[in-house]
Each structure stands twice: as structure tokens, then as C-alpha cells.
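Below is one structure, written out as C-alpha cells; comments come after it.
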Number of protein chains: 2
Amino acid sequence: MNPATANIEEAILSAILAGRINPGTRLGEQKLADLFGVSRTRVREAMMRLETRGVVQVSARRGWYVVEPSAEEAREAFQTRRVIETGLLHALREVPPQVLKSLKEHVAMERDAIGAGDVHSRACLLGDFHIHLADALGNRMLTEIIRDLTARTTLISMLYQPTEKAEESSHDHEDIVAAMEAGDLALAARLMDEHIGKVEAGLDLTAKPDPLAGLRALLSPAAFAGNAPSVPHTHDHPQDHSHPHSHGHPATKED
Amino acid sequence: MNPATANIEEAILSAILAGRINPGTRLGEQKLADLFGVSRTRVREAMMRLETRGVVQVSARRGWYVVEPSAEEAREAFQTRRVIETGLLHALREVPPQVLKSLKEHVAMERDAIGAGDVHSRACLLGDFHIHLADALGNRMLTEIIRDLTARTTLISMLYQPTEKAEESSHDHEDIVAAMEAGDLALAARLMDEHIGKVEAGLDLTAKPDPLAGLRALLSPAAFAGNAPSVPHTHDHPQDHSHPHSHGHPATKED
DNA sequence: GCTTACAGGCTTGTATACAAGTTTGTCGCC
DNA sequence: GGCGACAAACTTGTATACAAGCCTGTAAGC
């Protein structure tokens with residue numbers, strides 16, 4: 001592959017993993033071309049590659065956008081991660097000491113970042129843990145898959161995560177590594193399953209499907225089918241689903 | 001995505017899955033463009049997408065080639081499949097009757113194709129089983145991943161599989177479905193693990209890394225380590241390592 | 001005869017020009 | 001003042017032209 005193209009691809013992907021690009025961000029071809037000092041052709045290449053990897057999308061003649069996974073896609077992504085990562089731990093017969101050491105160091109770094117309140121690297125490290133774990137098998141294919149998947153879940157967290165429970169996540173990671181060290185990989189797999197479940201449960205999948213949600217809620221909090229409002233207001237309105245007839249009722253501006 | 005591009009991509013991928021395109025096949029841009037009635041631009045798009053999916057590769061200014069996975073990559077691919085597919089079965093709490101029915105029908109089709117000696121559709125169906133299984137979870141992401149993976153293992157089988165044990169594979173599938181029907185998903189996962197292991201064990205990973213292998217063995221059965229020269233150019237001596245001074249000297253010609 | 005050098009053809013790599021569509025800003029009309 | 005139509009700017013979509021490299025066939029030199 002062309003190195004320049006690979007660079008662009010990698011730069012954008014790692015920026016997403018690091019939480020430095022928000023979901024929904026527009027990525028103009030010309031802008032990126034100028035930024036990287038290449039022609040649009042290359043940028044398009046990189047974008048199309050990223051599209052097949054599921055991290056950007058093109059909107060015809062409007063531009064490339066970082067994906068904003070729907071609630072459904074979010075569920076799929078977490079389920080996929082659960083399948084793969086527990087499967088990985090089950091497949092692992094023994095953990096090489098070197099890997100164990102590396103993972104322990106990683107968890108230590110997580111704790112440090114949390115202690116220091118370094119929000120930026122914190123999120124990055126929490127996602128990176130899973131990628132490091134995939135390295136344990138030494139399987140590049142699997143690592144790549146998990147990397148792409150982690151990018152998506154990172155974006156999902158940005159969209160749907162009301163409160164970040166970094167300490168808890170890091171603690172989970174610690175427990176998983178401990179189980180691995182004890183050689184109890186079945187336990188590690190179970191813990192991983194629970195961990196991913198917890199992260200998923202911590203999401204508010206009823207909220208923020210689009211940037212207009214908050215605005216829309218402000219204007220008419222009543223009954224817009226499908227997408228729920230999501231400003232800091234309380235939203236968990238058990239909401240009788242979708243009144244097709246009564247659209248646009250700006251009446252109740254409750255709480 | 002552009003529909004035309006998607007078509008090309010899909011056409012090539014499914015042709016690979018069906019075993020109708022051999023590993024190492026050259027896919028010329030212009031030729032494909034003519035075939036599909038589009039311009040090279042579109043073909044390049046499709047090719048680059050397929051490259052990120054791991055089924056084709058580009059050789060600079062020579063053309064696009066269907067990948068010929070190395071022994072190492074073959075091992076990785078099977079390991080990845082094992083991780084994902086057993087993980088999938090473990091994650092499956094219960095099997096919807098509809099899915100079970102569909103899988104049973106699929107296995108029946110496998111048996112029919114084997115009985116009829118239809119080599120062509122046989123291989124296709126055997127790979128398709130796993131894709132169908134992924135559908136069981138109703139997770140498109142996972143299905144896509146397994147599809148790409150299956151494409152690779154199909155190519156691997158074409159390269160390294162000395163004898164195809166279609167009956168055995170189909171039998172394994174049958175047992176897996178039976179375990180699923182009995183609700184014993186842990187057993188199904190174990191059977192799947194063994195099944196993939198058997199298929200992998202049935203490969204001859206020491207052979208056929210390239211089409212010249214046979215030829216090379218014929219000419220010098222002794223010990224060629226690296227790549228063979230396509231022209232009769234004198235090269236590295238495997239015995240005494242590389243004489244840096246004697247370059248371009250056609251002295252020893254017994255190789 | 002064997003090797004090497006070279007030229008021609010063929011294929012991909014890359015940039016650019018233009019086409020087509022979207023968004024936004026502005027003006028005129030009611 | 002509000003609404004709608006129009007126009008201009010901007011963005012991607014697509015094709016094409018040309019550059020650059022690889023492979024092969026041929027001929028000259030040792």
C-alpha cells in the first residue's frame with residue numbers, strides 16, 4: 001500500500017482511538033489534502049479504506065463524516081467485542097510472562113492517568129488495554145479486528161456515555177489480568193464478559209442519536225418518534241412510542 | 001457507497017467464496033473495467049476496499065492479485081476463526097427455532113451436494129455454513145467479519161489442502177447443529193473448536209507457498225531457502241552464506 | 001552459446017479538469 | 001416582516017491524460 005495513504009489512515013484512526021476526533025466530525029477531502037500535503041486522490045483512498053473499516057462514512061457530495069453509530073449498531077459492536085474477546089481468552093491456553101508483564105504495566109499506567117486526572121490519555125489507555133490483550137495471542141488479524149472495533153466503541157462512548165466510570169473499568173482490567181496471572185482463563189473470560197456488559201449497561205442508548213436531538217427536545221420535547229432528546233434534562237420518559245398523528249407539540253416543557 | 005463499486009466488490013468476493021477464483025489470480029484493472037462496463041477508477045476503488053478486507057493485494061505497477069496466504073497467515077486465519085466462532089456459540093444463550101431450521105436445511109444441502117458429487121457447490125456450501133451460523137446472532141458486523149475470514153480460509157484450502165474431506169466436514173456441521181438443537185451450546189462450541197482444528201490439521205502448510213514450488217523442487221531438490229529467481233541469475237548460495245564479493249559471477253551453475 | 005543491454009509494450013500511480021449536486025447567502029415579492 | 005426563488009460558492013464524483021515502473025522480447029558483445 002502507498003505509505004502516504006497508510007499514514008493518513010493511521011493518523012485518523014489513532015486520533016479516533018485517542019478520542020481526539022468526535023463522532024460526526026466532517027472530514028473534507030481538500031482540507032485533509034492540504035493538511036497532509038498530498039492530493040485529494042490519496043485522501044479519498046484513505047477515506048474509502050476507513051469506510052470499509054467502519055469508522056467513516058460518506059454523504060454524497062457533502063463530505064466524509066466520522067460515523068455516529070446508532071443504538072442498534074452500538075449493541076452490535078459491544079456484542080461483537082464480547083464474542084471475540086471472551087473467545088480470545090478461552091482460546092488462550094497459557095499466558096506468556098512477557099505479555100502478563102506488559103498488561104500489568106498497562107493497568108498501572110491506567111491507574112496513574114486516572115489518579116492524575118488526565119482525562120485525555122485515560123480514555124485512550126482504557127481502550128488500548130483491549131488491543132494490547134489481543135496482542136497476547138500474537139495474531140495480527142485479530143488485533144486489527146479488535147482495533148477497528150475499539151475505534152467504534154470509543155465513538156459510541158463519546159455519544160452515549162453519560163458518566164465515565166474510568167476507575168471501575170480500570171479495576172475490571174486489573175481483575176482480568178489477575179485472573180490471567182492465576183492461570184484461570186475461564187474466569188478471565190467471564191470477567192471480561194461482565195466488564196463489557198457493564199460498559200454497555202453504562203450507556204444511555206436512548207439518547208443523542210444526532211446533534212439536533214438536544215435542540216429538538218428544547219423545541220418540542222413531546223413525541224418525536226424514534227430519537228429521544230438528550231440535554232442534561234431528565235429524559236427517561238417511558239414515552240408511549242411514537243404518536244404518528246400528534247407531531248410537533250411544543251406544549252409540555254416539563255422539568 | 002457507490003452501487004457499481006459495491007457490485008464489483010461483491011462479485012469478486014463471492015466468486016472467491018465460491019471457489020471460482022484461484023489464489024494468485026491476477027485481476028487487471030482495465031480488464032475488470034471492461035468486464036463490468038465501468039472506468040478504471042471504480043475498479044480501483046473496489047480493489048482498494050477488497051485489499052483492506054484482506055482478499056486481494058496490489059503489486060506495484062504489476063497488478064492486483066488474489067492473496068496467497070502464507071503458512072503463518074493461514075495459522076492466524078484459523079486461530080481467528082476458532083476464537084470468533086467458539087465465542088459466538090458461547091455467547092448464544094438460546095437458538096431461535098427459525099435459525100435452527102435454516103441451519104438444518106443448509107446441512108441437508110451440503111449432504112445433497114456431496115452425494116451428487118457436485119464439487120463446485122460443495123466447497124461453497126461448506127464455507128457458507130459458518131456464515132449462516134454467524135447470522136444466528138443477527139449481528140451484521142460479526143457476519144461481515146466471518147465472511148471475510150471465510151474468504152481467506154477458502155483460499156487457504158485451495159492452496160494447502162491436499163485432500164478435501166467434505167463428508168467429514170459436513171458431518172461435523174451436523175453434529176454442531178445437533179448440539180445446538182439440544183441446547184448444549186458449550187458442546188457446540190467444543191465441537192466447533194475441534195472441527196476447525198481438524199480442517200486446519202488437514203492442511204499441508206509446508207507446501208505450495210507459490211506456484212513455482214513444484215518447479216523449483218524439480219530443478220534443485222536440495223535446499224532453496226528464500227525466493228527463487230525467475231531468471232537464471234546467480235544468487236544466494238544456501239550452503240555457504242552469500243559471497244558478497246563474487247557478485248555476477250556465473251561460476252557455479254549447478255543450481 | 002551465453003550473458004547483458006536496451007527498447008517496446010503494457011500496467012498501475014497520480015494529478016487534474018470538469019461534471020454534478022448540496023449548501024448558503026441574497027434579493028425580490030407578497 | 002416573512003417567505004420563496006435564485007444564484008454563487010463549495011464539495012464530492014468521475015473520467016481522462018500522462019508519468020513511472022515492470023516485464024518481455026530482441027539484438028549485440030564476449
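Predicted model only: the values in this text are computed from it and were never measured. Note on naming: letters A, B, ... go to the chains in the order of the sequence lines (proteins, then strands), and numbering restarts at 1 for each one.
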Self-check item: Per A/Arg61 side chain, nearest of listed nucleotides D/dT12, C/dG13, D/dA15
Solution: D/dT12
Self-check item: Spacing between B/Arg40 atom CZ and D/dG13 atom C1', to the nearest angstrom
Solution: 17 Å
Practice problem: Would you please confirm or rule out a distance under 4.0 Å between OP1 or OP2 of D/dT12 and any side-chain N or O of A/Arg44? | Solution: no
Quiz item: What is the distance, rounded to the nearest whole Å, between atom OH of B/Tyr65 and atom P of D/dC22?
Solution: 12 Å
Quiz item: Atom CG in A/Asp148, atom CD1 in A/Ile131: separation rounded to 0.5 Å?
Solution: 9.0 Å
Self-check item: Pairing of B/Arg122 and B/Glu164 as salt bridge, 4.0 angstrom limit
Solution: yes
Quiz prompt | Interatomic distance where CD belongs to B/Glu45 and C1' belongs to C/dG13 [whole Å] | solution = 16 Å
Quiz item: Between residues 2-13 of chain B and DNA chain C, which residues have a heavy-atom gap below 4.0 Å?
Solution: none
Exercise. Note down the inter-axis angle between the two ends of the helix from C/dG1-D/dC30 to C/dC30-D/dG1, five pairs each, to the nearest 10°.
Key: 10°
Quiz item: Rounded to the nearest Å, what distance is computed from the CH2 atom of residue B/Trp64 to the C1' atom of nucleotide C/dT12?
Solution: 9 Å
Exercise. Mind running a 4.0 Å heavy-atom check of residues 26-36 of chain B against DNA chain D and sending the residues that fall below it, in number order?
Key: none
Quiz item: Under 4.0 Å between a Lys/Arg side-chain N and an Asp/Glu carboxylate O for A/Arg147 and A/Glu9?
Solution: no
Quiz prompt | Of B/Ser59 and A/Val38, the one whose closest DNA chain C nucleotide lies more 5' | solution = B/Ser59
Quiz item: Within the pair A/Arg62 and C/dG21, is there a side-chain N or O less than 4.0 Å away from OP1 or OP2?
Solution: no
Quiz item: Atom OG in A/Ser70, atom CD in A/Glu76: separation rounded to 0.5 Å?
Solution: 8.0 Å
Exercise. Grab the two heavy atoms, one from A/Leu149 and one from A/Ala77, that are nearest each other, plus how far apart they are.
Key: CG-O, 4.5 Å
Self-check item: Donor-acceptor under 3.5 Å (B/Thr153 side chain, B/Thr150 main chain)
Solution: yes
Quiz item: Once you round to the nearest 0.5 Å, how far does CD1 of B/Ile84 lie from CD of B/Gln79?
Solution: 11.0 Å
Quiz item: Reckon B/Ser39 has a side-chain N or O less than 4.0 Å from the OP1 or OP2 of D/dA15?
Solution: yes
Practice problem: Verify the contact: side-chain N or O of B/Arg42 to OP1 or OP2 of D/dT14, cut-off strictly under 4.0 Å; return yes or no. | Solution: yes
Quiz item: For B/Ala113 and B/Leu125, which heavy atoms make the closest approach, and how far apart are they?
Solution: CB-CD1, 3.9 Å
Self-check item: Salt-bridge contact A/Arg152-A/Glu73 (side-chain N to carboxylate O under 4.0 Å)
Solution: no
Practice problem: Ignoring hydrogens and angles, tell me if any N or O in the side chain of B/Arg26 forms a donor-acceptor pair with the backbone of B/Arg62 under 3.5 Å. | Solution: yes
Quiz prompt | Between C/dG13 (P) and B/Gln57 (CD): distance, integer Å | solution = 13 Å
Quiz item: What is the minimum heavy-atom distance between B/Met48 and B/Trp64, and which atoms define it?
Solution: CG-CH2, 3.8 Å
